[in-house]
There are 2 protein chains.
Amino acid sequence: MRGHMSRYPLQCATCAVREQAVCAALTEAERGELMRIGEHRTLERGDALIDAGEDNYACATLISGALKISAIDRDGTERIVALVHPAGFVGELFTPTAHHHVTALTDSLVCLFPRKPYEKLVDAYPHMAHALLRRSALDLAETRSIIDLIGRRGSRERVAGLLLVFARAAACDPGGVAMRFDMPLTRGEIAGLLGLTIETVSRRLTDFSRESIIKKEGARGVKILDAPKLEELVR
Amino acid sequence: MRGHMSRYPLQCATCAVREQAVCAALTEAERGELMRIGEHRTLERGDALIDAGEDNYACATLISGALKISAIDRDGTERIVALVHPAGFVGELFTPTAHHHVTALTDSLVCLFPRKPYEKLVDAYPHMAHALLRRSALDLAETRSIIDLIGRRGSRERVAGLLLVFARAAACDPGGVAMRFDMPLTRGEIAGLLGLTIETVSRRLTDFSRESIIKKEGARGVKILDAPKLEELVR
DNA sequence: CGTATTATTGATTCGTGTCAATCGACGTGG
DNA sequence: CCACGTCGATTGACACGAATCAATAATACG
């Protein structure tokens, strides 16, 4: 764990996700309370934010970067159960111990809160519960869309689906599709997410490349050449 | 759609899930409001409660029976993304249209609320948002455990995992495992949920039977003979 | 009792996992 | 600057498991 996580006091006024995150719905006073208990923290790729089994973990809002939520079965295989994008919230409230690992996929900045005080605020301020509920509904929908991905039969369809997930996440405008982006996951992580092997992921990617559906730019970079074809594979 | 759905006024006082459902956290006054807008409805197996694409759908608390939440891709394949057990809540709040179908797996009884008035209550009463948030956290955890199920490599492991899900759902005490139960899903539905085919599900089930891990009692009934073995397959 | 639906079983094909070798990028130290 | 080691990605040969196709059996239902 080479992580050199750095901490800073909160600066809500200049926050990039100020409008979309949970705290957007809060009053000035409530946000003030949050600022008192929270702090900014930077994470490098690979840094753990929460470990499964921890009994007194934290929760956080992601400001920039990307996180993964995963479980490790005892044979060592990692199962990714969710990806977290900026403005997303992580941390299981109201449970004694964490069930999943939360890890940075890229260098990231989070707004970190100790769980207990945070829960107290949720209890005290209706706005917080309400805002978290909306966020939670989004998370649920997103998690179900991952089931949709994994449930697909062929490896082609799964990889195509994930490419679109990345493309949508990388798009500036919500609802749009980025034509060029870097995949935040290694082949191994992609394999873990899709329930495939590294080799199969690699093969499908080169297949797509040969069919001119995408263009590979280094190991991580992808340019989408034939978006309709991808959509068709997924739909 | 042969469904003969029947409606009745709410009878909270004698409700079986009164203590665990969302409404458990409410005051008498708040529950009174709910009773005003809600009604009981009985569903037969196969009845649709919500259809994807509906613009003015309802939400509901399941009192008894079982529901499935699913999507249908346009090639007609059904993808089940969640199972709902008594005290569970269905309905996507704060979204204009429903993304998923909700269907009864067995004869069921639900507490049904029109969405708009329900959302109004959530806005008005902090307790509601808070209670829904807790429920939502449970749903999220359960949905992620389904990902864990589907992501498993072999068909053996997946079927074993689902058997345990059923066994736990059928247990009277939470946390326990029922030794004998009826599977609420057809082979086709199981296949859809696990990303397998009907034939494979059938084969694994007969495998387990031959290995004396389970005993099949008719098409739906299952008696668990070797629970540790099942746990081992999943762990 | 007969028909429709659902489940089982078998034979075969196809796709993905597995094992293994190679390549490429990157960082380190000689 | 180049040799080397490490790590991730790619590619190939092969085996195994699940899908597919097809026939039969069991169950539900009128």
Side-chain angles (χ1 to χ4, degrees), chain A residues 2 44-46 68 73 75-79 105-106 149-163 166 182-211 214-222 233, chain B residues 1-4 44-46 75-79 105-107 149-163 166 182-211 214-222 233:
Chain A
R2 78 240 135 74
E44 302 177 12
R45 166 168 179 83
K68 65 178 173 184
D73 13 349
D75 69 345
T77 316
E78 178 184 46
R79 308 234 80 263
L105 288 170
T106 64
L149 253 192
I150 303 176
R152 289 179 194 290
R153 286 294 156 77
S155 57
R156 249 178 103 78
E157 290 78 2
R158 295 191 209 178
V159 174
L162 191 58
L163 282 173
F166 289 152
D182 284 311
M183 294 187 281
L185 272 57
T186 65
R187 296 290 184 274
E189 288 166 334
I190 294 175
L193 174 57
L194 296 181
L196 300 170
T197 58
I198 294 178
E199 294 92 327
T200 300
V201 172
S202 189
R203 278 187 251 270
R204 290 307 87 83
L205 248 17
T206 55
D207 287 351
F208 288 156
S209 193
R210 258 199 282 276
E211 299 167 34
I214 64 171
K215 185 171 188 301
K216 295 204 289 180
E217 303 185 330
R220 293 291 182 79
V222 172
L233 279 171
Chain B
M1 191 131 301
R2 77 234 135 78
H4 282 298
E44 303 177 12
R45 165 165 181 87
D75 69 343
T77 316
E78 177 183 46
R79 309 236 78 263
L105 289 170
T106 64
D107 292 354
L149 203 59
I150 303 176
R152 289 180 192 291
R153 287 295 156 78
S155 57
R156 254 178 98 77
E157 291 77 2
R158 294 191 211 179
V159 174
L162 190 58
L163 282 173
F166 290 152
D182 284 312
M183 294 187 282
L185 272 57
T186 65
R187 296 290 183 275
E189 287 167 333
I190 294 174
L193 174 57
L194 297 180
L196 299 170
T197 59
I198 295 179
E199 295 93 325
T200 300
V201 172
S202 189
R203 278 188 247 272
R204 290 307 86 84
L205 248 18
T206 55
D207 287 351
F208 288 156
S209 192
R210 260 199 282 275
E211 298 168 34
I214 64 171
K215 184 172 189 305
K216 296 203 289 181
E217 303 184 329
R220 292 291 182 79
V222 172
L233 278 171

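Chain letters run A, B, ... following the sequence lines, proteins first and then strands; every chain starts at 1. Hydrogens, waters and symmetry mates play no part in the numbers below; they use all other heavy atoms, side chains included. Owing to the predicted nature of the structure, the values given are computational and were not obtained by experimental measurement.
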Novice: Tell me the interatomic distance from B:L196, atom CG, to D:dT20, atom P, rounded to whole angstroms.
Specialist: 11 Å
Novice: Expressed as a whole number of angstroms, how long is the span from A:K216:NZ to C:dC23:P?
Specialist: 16 Å
Novice: When you check the phosphate oxygens OP1 and OP2 of D:dG17, does a side-chain N or O of B:R153 lie under 4.0 Å from one of them?
Specialist: no
Novice: Taking only side-chain nitrogens and oxygens of A:S155, does any of them come within less than 4.0 Å of OP1 or OP2 of C:dT16?
Specialist: yes
Novice: B:L185 CG to C:dA7 P: how many Å, rounded?
Specialist: 10 Å
Novice: Students often get this wrong, so: under 4.0 angstrom with heavy atoms, is B:R204 touching a base, only sugar-phosphate, or nothing?
Specialist: sugar-phosphate
Novice: So, OP1 or OP2 of D:dA18: does either fall under 4.0 Å of a side-chain N or O from B:T200?
Specialist: no
Novice: Tell me the interatomic distance from A:E199, atom CD, to D:dA15, atom P, rounded to whole angstroms.
Specialist: 17 Å
Novice: Under 4.0 Å between a side-chain N/O of B:R203 and OP1 or OP2 of D:dA18, yes or no?
Specialist: no
Novice: How many Å lie between CZ on B:R45 and P on D:dC29, as a whole number?
Specialist: 10 Å
Novice: Hey, are the side chains of B:L105 and B:R45 touching, using non-hydrogen atoms and a 4.5 Å cut-off?
Specialist: yes
Novice: Just the rounded figure in Å: distance from P of D:dC7 to CD of A:E189.
Specialist: 16 Å
Novice: Do B:L194 and B:R152 touch side chain to side chain, with heavy atoms closer than 4.5 Å?
Specialist: no
Novice: For residues B:R156 and B:F208, determine if any side-chain heavy atom of one lies less than 4.5 Å from a side-chain heavy atom of the other.
Specialist: yes
Novice: Counting just side-chain N and O atoms, does A:T206 come under 4.0 Å of either OP1 or OP2 of D:dT11?
Specialist: yes
Novice: Are the side chain of A:R79 and the backbone of A:G192 linked by a donor-acceptor contact shorter than 3.5 Å?
Specialist: yes
Novice: Regarding A:G218, tell me which of base, sugar-phosphate or nothing describes its non-hydrogen contacts under 4.0 Å with the strands shown.
Specialist: nothing
Novice: For A:V159, does its backbone N or O pair with a side-chain atom of A:R204 as donor and acceptor, under 3.5 Å?
Specialist: no
Novice: Rounding to an integer number of Å, can you tell me how far A:I198 CD1 sits from C:dC19 P?
Specialist: 13 Å
Novice: Can you measure B:L205 atom CG to C:dT6 atom P for me and round it to whole angstrom units?
Specialist: 17 Å
